[in-house]
2 protein chains.
Amino acid sequence: MGVTIKDVAREAGVSTATVSRVINNDNRITPATRQRVLRVVSRLNYKVNTIARSLKSKRSLTVGMVVPEIDNVFFMRVARGVEDHLGEKGYSMIVVNARESRLREEGAVELLLEKQVDGIIVVPSERDGSHLKMIHDAQAPVVLVDRLVEGFQSDAVLVDNEEATFHAMMDLIDAGRRNFGFIGGFREIFTAEERYRGFRRAIEERNVPLNPDHVCFGDYHMESGYDLMKRLMESRVPPETLMVANYFMHIGAIRYLSFYRHRVPPSLFIATFDNMEFSSVSGVPGLSIAQPIDEIGRQAAAMLLRRIEGDSSEWPRIQRLPTNIISHDTA
Amino acid sequence: MGVTIKDVAREAGVSTATVSRVINNDNRITPATRQRVLRVVSRLNYKVNTIARSLKSKRSLTVGMVVPEIDNVFFMRVARGVEDHLGEKGYSMIVVNARESRLREEGAVELLLEKQVDGIIVVPSERDGSHLKMIHDAQAPVVLVDRLVEGFQSDAVLVDNEEATFHAMMDLIDAGRRNFGFIGGFREIFTAEERYRGFRRAIEERNVPLNPDHVCFGDYHMESGYDLMKRLMESRVPPETLMVANYFMHIGAIRYLSFYRHRVPPSLFIATFDNMEFSSVSGVPGLSIAQPIDEIGRQAAAMLLRRIEGDSSEWPRIQRLPTNIISHDTA
DNA sequence: CTGAAAGCGCTTACAG
DNA sequence: CTGAAAGCGCTTACAG
């Protein structure tokens with residue numbers, strides 16, 4: 001590459017210390033010298049080497065983020081929120097894809113630690129989080145997002161999945177809806193379990209009948225949403241009020257509907273967790289329990305930066321953000 | 001943080017040079033010393049500081065990627081391809097969001113350069129790319145993805161949008177389809193222009209009549225796909241064979257269909273660029289011109305690493321990957 | 001096969 | 001206000 005602080009110093013006839021001070025906006029520098037140095041900086045097109053800077057300052061101004069899937073809109077929306085906030089504060093972000101494996105998640109964290117990131121945001125891939133302890137060992141701040149984890153204490157930002165689902169269900173029940181069905185995620189997934197509990201609790205609270213065959217679990221991906229929707233819709237008495245536990249299973253369900261609309265009971269109503277592009281295109285009435293996705297990311301970033309800056313109050317702090325209900329009518 | 005190569009050296013009774021050689025798998029080290037060092041490494045839980053390593057070795061083993069939107073599935077699929085390949089080769093990736101602005105793209109590149117990335121992959125936000133020259137100035141390899149740019153020469157990986165669209169159109173025309181419509185992207189967007197040209201060329205080649213009101217342009221986002229679809233479907237004689245120029249506009253179009261299915265001519269057929277989750281749920285017959293999205297990412301990464309490793313043959317190399325046609329029937 | 005030593009490009013007490 | 005100098009944690013010729 002090339003031009004270093006030394007070159008600038010020589011050209012400007014000052015010491016490297018002075019150049020360093022100028023580029024770091026140290027205020028006890030004569031306007032005159034500052035001008036001179038800056039001119040040379042731009043003439044030589046000098047760019048600071050942040051690697052060298054980090055080695056000295058022990059701060060990389062970089063934050064790591066580990067996600068279970070990198071091409072998942074939900075996680076990337078969170079990442080956008082994170083990046084927005086970090087960008088405002090002069091930090092940047094390394095994203096690593098754990099590909100839904102605890103082992104790769106561990107490798108990702110190790111990599112980030114070796115890269116000397118100042119802190120780590122992780123959306124855990126699996127329920128167990130004991131491997132995350134190495135982040136604490138490295139004394140690096142960490143914030144969990146979307147999911148909590150067993151065997152590992154940490155700050156976290158997420159929503160109250162159980163309460164949100166519970167309240168949506170109560171409203172539906174109290175509005176007179178019956179014949180419920182549930183398309184959930186594997187209960188090993190933290191949010192899937194919470195959402196299922198909310199569903200269940202409302203059913204029990206109001207003592208509403210529930211056909212056990214109408215409760216089924218998939219893997220949070222589109223295909224299983226399709227398959228389970230198919231199974232439910234093709235059962236002898238299909239459910240009429242469906243709670244679908246996440247966005248991707250919901251789009252799988254919509255996909256089924258788009259092919260087999262004639263099989264669908266006219267009274268069908270679909271409630272779903274998450275509200276994104278496709279949440280409203282099912283063509284059947286429904287509602288979405290919307291998470292403040294961007295805000296989750298921003299809050300996680302904000303909390304992490306506070307920890308990085310040394311704030312250690314109220315640890316661990318679990319922040320539950322509010323959801324809200326969006327209803328989808330059809331034309 | 002803590003334990004450095006010095007601590008390991010002291011504990012193991014060797015020099016730091018030896019420790020360095022062990023952790024870098026230098027082969028001229030006695031198995032005995034190697035063992036001893038390794039034991040101390042794991043006992044002290046030593047982790048290499050890659051910042052220090054990079055400063056010395058002048059290689060960060062990190063690649064930067066600049067995308068126009070970070071929560072865009074298409075770009076993130078490309079990113080997944082990139083990351084997959086990089087991961088295999090021991091590299092990691094910093095993703096920066098240019099938020100569709102040339103200015104922020106420039107800032108992103110500058111940031112990456114300051115972070116001493118070994119190379120940069122950019123999906124350009126805008127048509128002009130003169131600001132990218134600073135990558136060449138910094139002697140860093142760069143690969144463009146998905147779009148070419150004016151005023152900047154570079155390796156690139158993309159598909160032949162014009163040819164792909166042209167051939168799909170020719171097939172449709174030759175299969176007897178008529179009454180065409182086109183929902184395109186702003187022609188300032190590289191791919192939008194190419195796709196429009198392919199459409200146009202087929203129409204002219206076969207001398208097929210085309211109602212100019214049936215050709216319209218939006219911004220590649222869902223909302224404009226919805227709006228344009230609405231406009232077309234509500235025109236006096238709606239088109240019956242539609243070419244939609246990208247995925248997001250297509251989902252906007254599908255959205256319109258899901259609300260106003262009764263307005264849709266029964267003979268409607270929709271061809272679209274890209275094939276992702278939702279490309280097949282329109283409920284009307286159609287086809288997708290599928291780009292090998294992951295492969296685009298992998299190839300871009302591979303080309304970049306080759307350049308990083310010093311291969312400078314056939315520069316600039318524009319690699320056009322093949323597309324293929326997927327047809328969507330309805331049930 | 002191993003070590004002493006220089007140096008990567010910065011920052012920052014410490015002096016003055 | 002500015003500079004000389006040490007040092008961040010590594011790697012790597014150069015010796016031996």
Side-chain angles (χ1 to χ4, degrees), chain A residues 1-38 40-41 44-62 90 111 113-118 138-140, chain B residues 1-38 40-41 44-62 90 111 113-118 138-140:
Chain A
M1 308 262 163
V3 25
T4 74
I5 209 174
K6 251 186 200 161
D7 304 313
V8 177
R10 188 178 0 85
E11 290 289 306
V14 297
S15 72
T16 59
T18 300
V19 177
S20 172
R21 289 188 186 110
V22 169
I23 62 182
N24 289 294
N25 293 311
D26 189 315
N27 46 4
R28 43 193 185 153
I29 291 278
T30 316
T33 13
R34 152 176 234 80
Q35 274 313 311
R36 192 145 41 92
V37 170
L38 252 20
V40 177
V41 161
L44 301 187
N45 193 25
Y46 168 75
K47 301 258 181 288
V48 66
N49 179 331
T50 58
I51 298 248
R53 172 181 283 174
S54 299
L55 181 59
K56 189 89 249 269
S57 68
K58 308 288 208 174
R59 310 193 57 193
S60 62
L61 296 180
T62 302
L111 177 82
L113 257 13
E114 288 179 350
K115 295 234 171 216
Q116 311 297 119
V117 295
D118 295 332
Q139 323 247 46
Chain B
M1 308 268 161
V3 25
T4 74
I5 210 175
K6 252 188 200 158
D7 303 314
V8 177
R10 189 179 357 85
E11 290 289 306
V14 296
S15 73
T16 59
T18 300
V19 176
S20 173
R21 290 186 185 112
V22 169
I23 62 183
N24 288 295
N25 292 311
D26 189 316
N27 45 3
R28 39 185 192 163
I29 290 279
T30 316
T33 13
R34 158 177 229 77
Q35 274 314 311
R36 193 145 41 94
V37 170
L38 252 20
V40 177
V41 162
L44 300 187
N45 193 25
Y46 167 76
K47 301 258 182 289
V48 66
N49 179 332
T50 59
I51 298 250
R53 171 181 284 174
S54 300
L55 181 58
K56 190 86 247 267
S57 67
K58 308 287 208 175
R59 310 194 56 192
S60 62
L61 295 180
T62 302
L111 177 83
L113 257 14
E114 287 180 350
K115 295 234 170 214
Q116 311 297 119
V117 294
D118 295 331
Q139 324 247 46

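We use all heavy atoms of the structure for the numbers below, so side chains are in, but hydrogens, waters and symmetry mates are not. To find a chain, count down the sequence lines: A is the first, B the second, and so on, and within it residues start at 1.
When heavy atoms are screened at a 4.0 angstrom cut-off, A/Leu55 is found touching base atoms of the nucleic acid. Using a 4.0 Å heavy-atom distance criterion, A/Thr50 is classed as making no nucleic acid contact. Heavy atoms of B/Ser20 sit under 4.0 angstrom from at least one base atom. Using a 4.0 Å heavy-atom cutoff across all strands shown, A/Arg28 reaches at least one base atom of the nucleic acid.
Residues B/Thr62 and B/Lys115 form no side-chain contact, since every pair of their non-hydrogen atoms from C-beta on lies 4.5 Å or further apart. A/Ile5 has its side chain within reach of A/Tyr46: a pair of non-hydrogen atoms, C-beta onward, lies under 4.5 Å apart.
Spacing of C1' atoms, C/dT12 relative to C/dG16, comes out at 16 Å, to the nearest Å. Comparing the P positions of C/dA13 and C/dG9 gives a spacing of 23 Å, expressed to the nearest Å.
With hydrogens and angles disregarded, a donor-acceptor distance shorter than 3.5 Å links the side chain of B/Ser57 to the backbone of B/Arg53. B/Ser54 places a side-chain N or O within donor-acceptor distance of the main-chain N or O of B/Thr50, the cut-off being under 3.5 Å. Using modelled atom types, no side-chain atom of B/Thr16 and backbone atom of B/Lys6 make a donor-acceptor pair closer than 3.5 Å.
Summarising the base pairing, C/dA13 is matched to no nucleotide, lacking a Watson-Crick or G-U wobble pair whose two defining distances lie under 3.5 Å. Base-pair partner of C/dA4: not found among the strands shown (Watson-Crick or G-U wobble, both distances under 3.5 Å).
Nearest-nucleotide assignment on DNA chain D puts the 5′-proximal partner with A/Asn27, out of B/Tyr46 and A/Asn27. Of the residues near DNA chain C, A/Thr4 and A/Arg21, the one whose nearest nucleotide (by heavy atom distance) lies more toward the 5' end is A/Thr4. Both B/Ile29 and B/Lys56 sit near DNA chain C, but only B/Ile29 has its closest nucleotide nearer the 5' end.
Residue B/Gln116 contributes atom CD, which lies 18 Å from atom P of D/dC10 at whole-angstrom precision. As rounded to whole Å, 17 Å separates atom C1' of C/dG7 from atom CZ of B/Arg53. With rounding to whole Å, A/Lys47 atom NZ is found 17 Å from C/dC10 atom C1'. Here the P atom of nucleotide C/dC8 and the CG atom of A/Asp7 are 11 Å apart, to the nearest Å. We find that CD1 of B/Ile5 is positioned 17 Å from P of C/dA5, with the value rounded to whole Å.
The side chain of A/Thr33 contributes no N or O atom lying less than 4.0 Å from OP1 or OP2 of D/dC1. Of the side-chain N and O atoms in A/Thr30, one or more sit less than 4.0 angstrom from OP1 or OP2 of D/dT2. Checking the phosphate oxygens (OP1, OP2) of C/dG3, a side-chain nitrogen or oxygen of B/Thr18 falls inside 4.0 Å. The phosphate of C/dT11 has OP1 or OP2 within less than 4.0 Å of a side-chain N or O from A/Asn24.
For B/Thr16, taking side-chain heavy atoms from C-beta onward, the closest of the listed nucleotides D/dT11, C/dA4, D/dG3 is D/dT11.
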